[in-house]
Each structure stands twice: as C-alpha cells, then as structure tokens.
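Contents: one structure, followed by commentary.
Not measured: the values here are computed from a predicted model. Chain letters run A, B, ... following the sequence lines, proteins first and then strands; every chain starts at 1. Side-chain atoms are counted along with the backbone in the values below, which use heavy atoms only and exclude waters and symmetry mates.
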Amino acid sequence: AQSVTQLGSHVSVSEGALVLLRCNYSSSVPPYLFWYVQYPNQGLQLLLKYTSAATLVKGINGFEAEFKKSETSFHLTKPSAHMSDAAEYFCAVSETSYDKVIFGPGTSLSVIP
Amino acid sequence: DTAVSQTPKYLVTQMGNDKSIKCEQNLGHDTMYWYKQDSKKFLKIMFSYNNKELIINETVPNRFSPKSPDKAHLNLHINSLELGDSAVYFCASSQLAGGFTDTQYFGPGTRLTVL
C-alpha cells in the first residue's frame with residue numbers, strides 16, 4: 001500500500017538559507033508524487049508534481065524536487081528562503097492516476113529573519 | 001473570482017446537532033472531493049464525486065452524507081455531531097481526465113468546532 005513519510009514535523013531556516021523538506025514514499029509501482037503548500041488559514045495549493053517524466057521537477061515560487069527511485073525520496077528544496085515561504089508543506093503520493101492521493105503528515109516551515 | 005468556495009468558513013455547534021457545509025467550484029471540473037484535516041494537520045480524503053456520482057467513499061461514519069446536486073456543487077451533511085468531528089473540512093476539485101493525479105484545487109476550508 002502506498003504511504004508517505006515526512007521527516008521533521010517542523011523545520012526552521014534563516015531568511016536566505018537553503019530550504020530542504022524531506023519526503024519518502026512507499027509504493028509498489030513508480031508513483032505520482034506531489035508537493036502541496038498550505039499558507040495560514042488557507043486551502044492547499046500545488047507546488048509541483050512528478051509524473052514519470054524528468055526526475056528533477058521545477059515548481060512555483062522557486063521550489064524544486066528531485067525524484068530518486070533508489071532512495072524512494074522526493075525531497076523539496078529552494079535555494080534561498082523568503083519570509084513568505086513560512087507555511088505547512090505536504091508531500092503526497094498516488095500509485096496510479098486513478099488511485100486516490102495520499103497525503104503525508106506535513107512539515108511546518110518557519111523562516112527566521 | 002474564487003475558484004473553489006466553501007460556506008460557512010467557521011461553524012460552531014453543539015454535540016448532537018445536524019449541520020451542512022456547502023462547496024461550489026467554477027472551474028468546470030468533473031471531480032470534487034471532501035477532505036478532513038485534524039488538529040495535527042493530518043489530511044485525509046473522505047469522499048470524491050465525479051459528475052454527481054460517488055467514486056471514493058473512505059471509511060467514514062454514515063453520519064456523514066455527501067450530496068452533489070450538479071457537478072459544480074458538493075455539499076457535506078453531518079448528522080448527530082460528535083466532539084471528534086471537530087476539524088477543518090476542505091473541499092477540492094480537479095479534472096478526472098487525468099485521473100486523481102490532476103492538480104487538485106482546494107477551497108479555503110471550513111473550521112468546524114463541536115462543543
């Protein structure tokens with residue numbers, strides 16, 4: 001069965017520092033993978049998704065993620081954190097395009113001025 | 001224009017009451033969802049409808065009944081509310097042509113508090 005784990009329920013970075021949010025998945029087939037962001041008191045918004053094309057996926061707001069099959073990982077990175085990046089980030093997986101999307105527990109990102 | 005809207009934004013009610021949450025999307029999508037987000041931010045799918053037809057029905061108490069009068073609306077009715085129903089409920093929509101992996105667009109959420 002598919003599942004997602006996110007290492008670190010809370011991550012703090014300084015403004016301008018590298019953002020690294022970790023996501024590992026469990027799937028019996030090459031999965032579809034997603035990162036969603038939830039700003040305070042708002043709904044979720046798609047940052048990027050992997051659908052078996054290029055392993056390095058670029059998303060909105062300068063974020064990118066790399067699919068590594070050997071590590072079953074899909075970590076999210078951004079070279080330089082902005083204050084506006086403070087939010088909850090969710091990694092999600094779906095085994096096929098017609099399986100429901102399973103969300104991870106989320107990682108709360110704080111950006112320190 | 002709001003793509004996915006939900007009403008009300010906040011709902012405070014007593015145990016045992018019946019309440020409804022409404023959701024509307026103006027994106028022309030075929031598929032709509034209800035998710036529950038608990039106090040630890042864990043997000044879990046409850047239901048999904050495609051063109052007014054139920055296609056996902058997770059293990060949810062039968063006190064929860066979704067209704068889709070047309071493909072732009074998916075309402076959630078909850079009977080006999082319990083303390084454990086307190087959560088944020090999100091509506092979302094997507095096209096089904098690409099399966100569930102098409103981008104889902106989320107509403108702003110309805111924070112339900114049961115006293």
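- Lys44(B) does not touch chain A: none of its heavy atoms, backbone or side chain, sits under 4.5 Å away.
- Around OH of Tyr50(A), the count of heavy atoms belonging to other residues, nucleotides or ligands within 6.0 Å exceeds 12.
- When heavy atoms are compared at a cutoff of 4.5 Å, Lys49(A) approaches chain B solely by way of its side chain, counted from C-beta outward.
- Classified by interplanar angle (parallel below 30°, tilted 30° to 60°, perpendicular above 60°), the ring pair Tyr25(A)/Phe67(A) is parallel.
- The parts of Leu43(B) that come within reach of chain A are both its backbone and its side chain, each placing non-hydrogen atoms under 4.5 angstrom from that chain.
- For Tyr32(A), the part lying near chain B is the side chain, with the backbone staying farther off; criterion is any non-hydrogen pair under 4.5 Å.
- Within the 4.5 angstrom heavy-atom criterion, atoms from both the backbone and the side chain of Gln104(B) approach chain A.
- Among residues two or more places apart in sequence or in another chain, the side chain to side chain donor-acceptor pair (under 3.5 Å) test is passed with Asn24(A) by none.
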- Item | salt bridge (Lys or Arg N to Asp or Glu O under 4.0 Å) between Asp85(B) and Arg63(B), worked out | CA-CA 10 Å; Asp85(B) 298 332; Arg63(B) 298 182 295 104; 2.8 Å; yes
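- With a 4.5 Å cut-off on non-hydrogen atoms, Glu88(A) touches chain B through its side chain but not through its backbone.
- Between Lys52(B) and Asp70(B) there is no salt bridge, since no side-chain N of the basic residue sits under 4.0 Å from a carboxylate O of the acidic one.
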